[in-house]
Novice: 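I'd like to ask some things about the structure below.
Values below: every heavy atom of this structure, side chains too, minus hydrogens, waters and symmetry copies. We count residues from 1, following the sequence as given.
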Amino acid sequence: MALTLPAGSARLTVAPRVHVPRRRLTVFATVSSPPSSGGEKAVDWVEATASFFEADTRPIMLFDGVCNLCNGGVKFVRDNDSRRRIRFEALQSEAGKKLLRRSGRAPDDISSVVLVEKERSYVKSEAVLRIMQYINLPFPQLSFFFQFVPLFVRDFAYDNVANNRYAFFGRSDSCEI
């Protein structure tokens, strides 16, 4: 289609519209699980775990209870949290499994530390940085500087340590907390 203006000096051409398919978003994690085939209703895990934050609004750090590195991390946080601003729960406990579901993770996923706050959850390096904000100096300041490292770089480093934690640090027979 062409349009010629009276002056003859301008010409406007309109090309036919080409349909470009849009990418569809894929949901990787949901807060509630889809209904099972048995006709059961989906569980709202935020509502199901709301009681964890009714009397005590402090965040909960979920950790692998049999990992020596994780247990050492919990001991480090406890020693450096003079105001006792963080609670702890093993990923393998029933409460830990429910809080994992609340965070959009599988109940048997023990691959990452998770920090669950009343309104939000953090995983991997984001959880570590958020935990650093709750403990004594100089860790909140270090957290501020580490946030400028791109997430994919932080999580790459985190995943490499997490995937080899048993080989490097070993396992314990039970959770120390």
Side-chain angles (χ1 to χ4, degrees), residues 27-33 43 45-46 48-177:
V27 177
F28 290 104
T30 58
V31 174
S32 60
S33 60
V43 175
W45 290 103
V46 173
T49 58
S51 63
F52 292 118
F53 296 99
E54 285 176 357
D56 190 348
T57 60
R58 294 178 299 161
I60 302 170
M61 178 180 164
L62 302 176
F63 65 99
D64 182 355
V66 297
C67 168
N68 288 337
L69 173 63
C70 302
N71 285 321
V74 168
K75 183 178 179 336
F76 178 82
V77 171
R78 280 188 11 220
D79 292 346
N80 289 284
D81 184 12
S82 59
R83 294 184 285 178
R84 301 292 178 238
R85 297 173 63 189
I86 297 179
R87 297 181 283 167
F88 305 93
E89 189 68 48
L91 290 164
Q92 293 90 343
S93 69
E94 287 305 312
K97 290 177 182 181
K98 289 178 183 178
L99 288 167
L100 274 172
R101 299 289 296 265
R102 174 190 178 113
S103 302
R105 306 195 51 97
D108 59 347
D109 182 3
I110 60 169
S111 65
S112 173
V113 65
V114 179
L115 184 71
V116 183
E117 293 179 343
K118 185 174 183 177
E119 301 296 326
R120 184 169 177 204
S121 297
Y122 302 87
V123 295
K124 296 185 180 186
S125 67
E126 286 188 315
V128 172
L129 292 182
R130 188 68 180 172
I131 290 165
M132 289 172 70
Q133 293 175 7
Y134 283 102
I135 61 179
N136 301 340
L137 296 175
F139 296 102
Q141 290 78 9
L142 288 173
S143 170
F144 175 77
F145 288 110
F146 280 124
Q147 77 179 352
F148 295 110
V149 175
L151 179 63
F152 76 92
V153 173
R154 291 189 323 234
D155 280 349
F156 177 78
Y158 182 94
D159 287 337
N160 279 315
V161 172
N163 291 339
N164 296 297
R165 67 187 187 269
Y166 295 134
F168 293 150
F169 301 98
R171 300 179 112 142
S172 59
D173 293 330
S174 62
C175 179
E176 294 182 21
I177 293 191

Novice: Kindly indicate, with the supporting measurements, whether the criterion side chain to side chain contact (heavy atoms under 4.5 Å, CB included) is fulfilled by Leu115 and Tyr134.
Specialist: CA-CA 11 Å; Leu115 184 71; Tyr134 283 102; 4.0 Å; yes
Novice: Taking Thr57 for its side chain and Phe53 for its backbone only, find out whether a donor-acceptor pair lies under 3.5 Å.
Specialist: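 Not confirmed, Thr57 side chain does not pair with Phe53 backbone.
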Novice: Supply the atom-to-atom distance Arg87 CZ to Phe52 CZ, rounded to the nearest 0.5 angstrom.
Specialist: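 Reported value, rounded in 0.5 Å steps: 8.5 Å.
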Novice: Check step by step if side chain to side chain contact (heavy atoms under 4.5 Å, CB included) holds for Leu99 and Ile60.
Specialist: CA-CA 9 Å; Leu99 288 167; Ile60 302 170; 3.7 Å; yes
Novice: Measuring from atom CZ of Phe156 to atom OG of Ser125, what distance do you get when rounded to the nearest 0.5 angstrom?
Specialist: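 Atom-to-atom, Phe156:CZ and Ser125:OG are 13.0 Å apart.
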Novice: I want to check something: taking the side chain as every heavy atom from C-beta on, are Tyr158 and Val113 in contact at a cut-off of under 4.5 Å?
Specialist: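 Touching, per the 4.5 Å side-chain cut-off.
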Novice: Any donor and acceptor pair, going by atom type alone, linking the side chain of Arg101 with main-chain N or O of Gly96 inside 3.5 Å?
Specialist: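 Checked: no pair found.
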Novice: If you round to the nearest 0.5 Å, how far is CD1 of Ile135 from CG of Leu142?
Specialist: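 Result: 9.0 Å between the selected atoms.
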Novice: State which residues pass side-chain contact (heavy atoms from CB on, under 4.5 Å) with Asp109; sequence neighbours excluded, sorted by chain then number.
Specialist: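 Asp109 satisfies side-chain contact (heavy atoms from CB on, under 4.5 Å) with Arg105, Ala106, Ser111 once adjacent residues are dropped.
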Novice: For Gly65 versus Ser172, what's the shortest heavy-atom pair and its separation?
Specialist: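 Of all heavy-atom pairs spanning Gly65 and Ser172, the closest is O-OG, 3.9 Å.
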Novice: State which residues pass ring-ring contact (aromatic ring centres under 6.0 Å, His included) with Phe76; sequence neighbours excluded, sorted by chain then number.
Specialist: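 Phe76 satisfies ring-ring contact (aromatic ring centres under 6.0 Å, His included) with Phe139 only.
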Novice: Which heavy atom of Ala95 sits nearest to which heavy atom of Glu89, and what is that distance?
Specialist: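 Shortest heavy-atom contact: CB-CD, 3.9 Å.
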Novice: Knowing that exactly one of Ile86, Val116, Val128 qualifies, which makes a side chain to side chain contact (heavy atoms under 4.5 Å, CB included) with Met61?
Specialist: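 Between Met61 and the candidates, side chain to side chain contact (heavy atoms under 4.5 Å, CB included) is satisfied uniquely by Ile86.
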Novice: Quick check on Arg84: does its CZ atom have over 12 non-hydrogen neighbours (other residues, nucleotides or ligands) under 6.0 Å away?
Specialist: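 More than 12 heavy atoms, drawn from other residues, nucleotides or ligands, come within 6.0 Å of this atom.
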Novice: Is Asp64 reaching over with its side chain to a backbone N or O of Ser112, donor-acceptor style, under 3.5 angstrom?
Specialist: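 Between the backbone of Ser112 and the side chain of Asp64 there is no qualifying donor-acceptor contact (under 3.5 Å).
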Novice: Does Arg58 use its side chain to pair, donor to acceptor, with the backbone of Arg85 at less than 3.5 Å?
Specialist: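 No; judged by distance alone, with no hydrogens or angles, the pair does not exist.
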Novice: So, Asn80 side chain and Asn136 main chain: donor-acceptor pair closer than 3.5 Å or not?
Specialist: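 No; zero donor-acceptor contacts below 3.5 Å.
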Novice: Heavy atoms, side chains only, cut-off 4.5 Å: are Tyr166 and Val66 in contact?
Specialist: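 In contact.
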Novice: If you define the side chain from C-beta out and look only at heavy atoms, does anything of Val77 sit under 4.5 Å from Phe63?
Specialist: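 Not in contact.
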Novice: Using every non-hydrogen atom in the two residues, find where Leu91 and Ile110 come nearest and quote the distance to one decimal.
Specialist: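 Smallest heavy-atom distance, with atoms named: CD1-CA, 3.6 Å.
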Novice: Tell me every residue that passes side-chain contact (heavy atoms from CB on, under 4.5 Å) with Ala157, counting only those two or more places apart in sequence or in another chain.
Specialist: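 With sequence neighbours excluded, Ala157 shows a side-chain contact (heavy atoms from CB on, under 4.5 Å) to no residue whatsoever.
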Novice: Kindly determine whether Arg78 and Phe88 satisfy side chain to side chain contact (heavy atoms under 4.5 Å, CB included), including the steps that lead there.
Specialist: CA-CA 9 Å; Arg78 280 188 11 220; Phe88 305 93; 3.2 Å; yes
Novice: Got a sec, which residues hit side-chain contact (heavy atoms from CB on, under 4.5 Å) with Ala50, two or more places apart in sequence or on another chain?
Specialist: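 If we apply the side-chain contact (heavy atoms from CB on, under 4.5 Å) test to Ala50, skipping adjacent residues, there are no hits.
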Novice: Rounded at 0.5 Å granularity, tell me how far CD in Gln92 sits from CG in Asp108.
Specialist: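 With rounding to 0.5 Å, CD (Gln92) is 10.5 Å from CG (Asp108).
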Novice: Less than 3.5 Å apart, which donor and acceptor atoms pair up between the side chains of residues 143-153 and the rest of the protein, not counting sequence neighbours?
Specialist:
unit_1, atom_1, unit_2, atom_2, d
Ser143, OG, Leu129, O, 3.0
Ser143, OG, Gln133, NE2, 3.4

Novice: Do any pairs count as a salt bridge (Lys or Arg N to Asp or Glu O under 4.0 Å) and have a residue in residues 113-125, sequence neighbours left out, and if so which ones?
Specialist: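 Residue pairs with at least one partner in residues 113-125: Glu117-Arg130, Lys124-Asp159.
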